[in-house]
Every structure is written in structure tokens, then in C-alpha cells.
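To keep things clear, I will list the structure first and then write my remarks on it.
Worth knowing before you read on, the calculation uses all heavy atoms, side chains too, and leaves out hydrogens, waters and symmetry mates.
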Amino acid sequence: MPTTARSSLFANHNFTLLFGGSTISAIGDQFTLVALPWLVLKLTGDPAALGLVLAAMALPRALFMLIGGAVVDRMSPRRVLLGARAVNALLVSLLAVLVLAGAIGMGAVYALALGIGLSTAFAYPAGSAILPQLIPPQQLQPANALFMGTRQLSMIVGPAIAGLLISVGVHGSHGNGVADAAGLGLAFGIDAVSFLFSLGSLLLIRIHSDHHPKAPVGSVLANVASGIRNIWADLPLRAFILYAAVVSVFVGGPIQVGLPVLADTRLDLGAASLGILMTANGGGMLLGSVLSGVAAKLVRGRLGLMVLGIDSLAGLALATLALVHSTFAGAMLLACTGVLAGIAQIAIISWIQHRVAPEMMGRTMSVLMFAFMGLGPLAAAIAGSLLKVVSLATLFTAAGLTLSAIALACMTSPALRSIGAARPGAAPA
């Protein structure tokens, strides 16, 4: 992004507040993403329990994501995001206190996971809808690129530090009854503190819809239905979201359960290995984000084929995880898949932003988030249960080869092949 574009963005006080608070919170989120699965494995030693915890977060998120998008379209996204993040801060703080006090049990973990899932169902669409109210339309593309690059940087910095922090904390933690309790509690505490920075920035931001709320048209459920109808009428967009749901099942489930189990059972650094794997993937995605513009020019008009090709390679990489027994090999493999994912992610989001009308963006993004974030953890519950009867290698191999086969088969779909062939300025009627 050009320096002048960055400078003009940061001349906007509201944008600077949002960017600063969101950046700190994004780094904090990575601590919980590493600590929560590690906590479950230390409490139970059971991959199925980890899958159920991820499902407990996913179920309310999946059920309420579309409603969250409609609510955001009807009122101030700042206020919705402020409330959702306040709830998240409270729940993660409670998790930190219980772990450090040695009073954590799986019942509390399930309950807190449900609460976190419910709050994020409103936070995700609110976060995607607030930016257009802070800056003019011509600055949306560089602003989105800046936020996305920062998120990828957080995936590089956060997981590695979190993994090391949890591992270092093991020496003084066994008295609380949970291995790595001191490091785990500190990791959750850091995430809770990061939410305070986000809440502070949101309290200082002022946007138009705070004082000029939209007049509600129809009920929330009617708004959800209209958003779904709009997507269904757009054949390429509909086809991509359905395809994204399939990818989420075959990638999200095995990765969310499989990586923590891989680090715990095969790799040499424990929680630090998990952090390194996640950091490598985040670093790859950052590089892919940088390369996305070049890739889009090279495949102009053939974006759908590029995405399907990338997913076919990602499936082979997922299957190759079955052979990994060292942290270095796993990190290299995940870094490569991260590059491919970063290229595809930026290209697809840009295509959707150009295709969908602004007044439908919140609901459209909530459906896309549902496909990626709602179904993945539900698939993780299935993957965790499967690990009771199949090996980790079998899980990675079957999921990866199935994904590659689906991606290759979808190359014959005219709707998916046509993605990127045209870039209309608004959603079809």
C-alpha cells in the first residue's frame, strides 16, 4: 500500500483508534487460540473433548451469526461491537482466574466456550461493518489491506509467544492440578487485558449511525431472509459460499483438532511446537497477502480456477501432515499452505466487495463467516470423535485427499469457474 494512502488513513482519528485497539486485541486473541486447546488436552488428554469444546463455541456462533449480521445492519456497529467485546473480555478474564486458582473443570470450559461463541456471533459482522462508516469509499481497499496484513502479523507474533509462555509456566504449575496452569492462566490474562485496549478505543470512536440510526425495515428474521435470497440469486456467489462450507468441513475440523494433538503426541516442544506451527502458517498467509495482487493480475478473469487449484494443493499438504514428526517439517509445510491461503483470501474478499451492494454487505459477510467459522468447529467435534477409532495420520490423509478430489471435481462447475470473469459494481437484483 502506498505511503500516502497510509498517511491519509492515520490522519483520521477514528480510524487510528479502531486500528490500534483492534491490533492489540488481535494479538491477544492468538494467546487464547493456543491456550484453550492446550488446556482441554491437559485436563482430559482426549481429542474428542477438544472437538466438543470447539463445537460448543461454534454452535451459538453458527446459530446467531446471521442474526448478528442483520442486527448490525439495523443499528450502530460500534455499539454492537462494544457490547460483544465487553462480554468476551469478561469471559476470558473468568477463564484466567479459574485456571490460576486451580478451580477449572470441563463444565466451566464448556460454559465459557458457549458464551464466547455467542458473543463472537455479533462481533464478527459488527467488525466488518464498522470500517465503511469511518472512512470514505476510496480508502476502503487500502484500509482492508492494512487490517488484513496486521491480522496476519498477529498470527506470527502471538502464537509463538503464547506457546513459549505456556511452556515456561510448566515449572511452577503442577500444584494447581493442571499441567502448564501458570502459563495457561497468564496467556488467558494477556488476552483479557488486550480486550481492554479494544474497548477503550471503541468508547472514543464516534460514527454516524450512533446518532442517526437506520430506520428498521421489517423484522430481524425478515432481514436475514432477504440477505440469503440476495446471495441465492447470485449464482457464482452462491456456488462459492457453498464450496467454502465444504472446504471448512474438510480443513477446519482436522486442523483445529489435529494440530494440537500433533504437537502434544509427536512433536518435541509441546505447546511451543503448537505456537510455532500456527506462527508459520500466519507468516505464510502474510506473504500470500503481499503476493495476492500479483497473482490476481496473472490469473485475471480466472479467479475461480486459481482458488480451486490452490485448494487442491492444500489438500495434498494436509495429507502430508500425516508424515510429520518434527516441528521444523510441520512449520515449513504450514508456511507453504499459508502462502497459498493468503493469496486466495485477499482475492476472494476483494471480489465480494466489488460484487455485493453496500447495504447487503453485513449480511453477505455474515453468511460467508458462517460458512468458514461456523462449520469448521462443528467438523472439529466430528474429527475429535474420529480420533478415538482412527489414527491421526489416517485423519489427515483422508481429509486432505478428499479436499483435493472435491477441488479438482469442482473445476468442471461453470459457476465456480466464472468467479472473477466479471466485476459488477453491485449485487444482482
T16 side-chain N/O to F10 backbone N/O, donor-acceptor pair under 3.5 Å: yes
Least distance between heavy atoms, S119 atom then N88 atom: OG-OD1, 2.6 Å
Beyond-backbone contact of R417 with T412, side-chain heavy atoms, under 4.5 angstrom: no
Min side-chain heavy-atom separation V87-F122 under 4.5 Å: no
Minimal non-hydrogen separation, A35 against L184, with atom names: O-CD2, 3.3 Å
Candidate pair L318 and T337, rule side-chain contact (heavy atoms from CB on, under 4.5 Å), full reasoning: CA-CA 9 Å; L318 178 58; T337 58; over 6 Å; no
For the student: nearest non-hydrogen atoms of L33 and M278, plus distance: CB-CE, 4.0 Å
I419 side chain reached by V307 side chain, heavy atoms, under 4.5 Å: no
Side-chain donor/acceptor of R85 to backbone N/O of A123, under 3.5 Å: no
Nearest non-hydrogen partners of A70 and V224, listed with the distance: CB-CG2, 3.6 Å
Listed partners of F147 passing ring-ring contact (aromatic ring centres under 6.0 Å, His included), at least two apart: F15, F19
With S22 via side-chain hydrogen bond (donor to acceptor under 3.5 Å, both in side chains) - residues at least two apart: none
CG on L237 to CH2 on W232, rounded to 0.5 Å: 11.5 Å
S273 side chain reached by R266 side chain, heavy atoms, under 4.5 Å: no
Backbone N/O of L134 and side chain of N12: donor-acceptor pair under 3.5 Å: yes
Partner of L39 by side-chain contact (heavy atoms from CB on, under 4.5 Å), out of V99, V34, T32: V99
Of all pairs that satisfy salt bridge (charged side-chain N to carboxylate O under 4.0 Å, His left out), the ones with a partner from residues 239-264, not counting sequence neighbours: K42-D264
Heavy-atom pair with the smallest gap, counting every atom of M106 and A49: CE-CB, 4.4 Å
Distance in Å, L259 CG paired with L334 CG, rounded so as to fall on 0.5 Å steps: 5.5 Å
Residue pair L114 / M57, side-chain heavy-atom distance below 4.5 Å: no
Derivation of the side-chain contact (heavy atoms from CB on, under 4.5 Å) call for V324 and L321: CA-CA 5 Å; V324 168; L321 280 174; 4.1 Å; yes
Gap between atom CG of L118 and atom OG1 of T120 - 0.5 Å precision: 7.5 Å
Student check: side-chain heavy atoms of L277 and L267 closer than 4.5 Å: yes
Smallest separation among heavy atoms of R355 and P236, with atom names: NH2-CG, 3.6 Å
Audit row: I27, I161, side-chain contact (heavy atoms from CB on, under 4.5 Å) steps and yes/no: CA-CA 10 Å; I27 295 173; I161 298 175; over 6 Å; no
Pairwise distance CG(L313) to OG(S404) - rounded to 0.5 angstrom: 7.5 Å
Nearest-0.5 Å distance, OG of residue S312 to CD1 of residue I406: 12.0 Å
Derivation and outcome, side-chain hydrogen bond (donor to acceptor under 3.5 Å, both in side chains), residues T394 and S391: CA-CA 5 Å; T394 300; S391 67; 2.8 Å; yes
Value rounded to 0.5 Å, distance of CG in D311 from CE in M306: 10.0 Å
Side-chain donor or acceptor of T397 paired with backbone N/O of A393 under 3.5 Å: yes
Note, D29 side chain near S154 side chain (heavy atom, < 4.5 Å): no
Full working for side-chain contact (heavy atoms from CB on, under 4.5 Å) between V193 and I24: CA-CA 9 Å; V193 171; I24 295 173; over 6 Å; no
Main-chain N/O of L41 paired to T44 side chain as donor or acceptor, under 3.5 Å: no
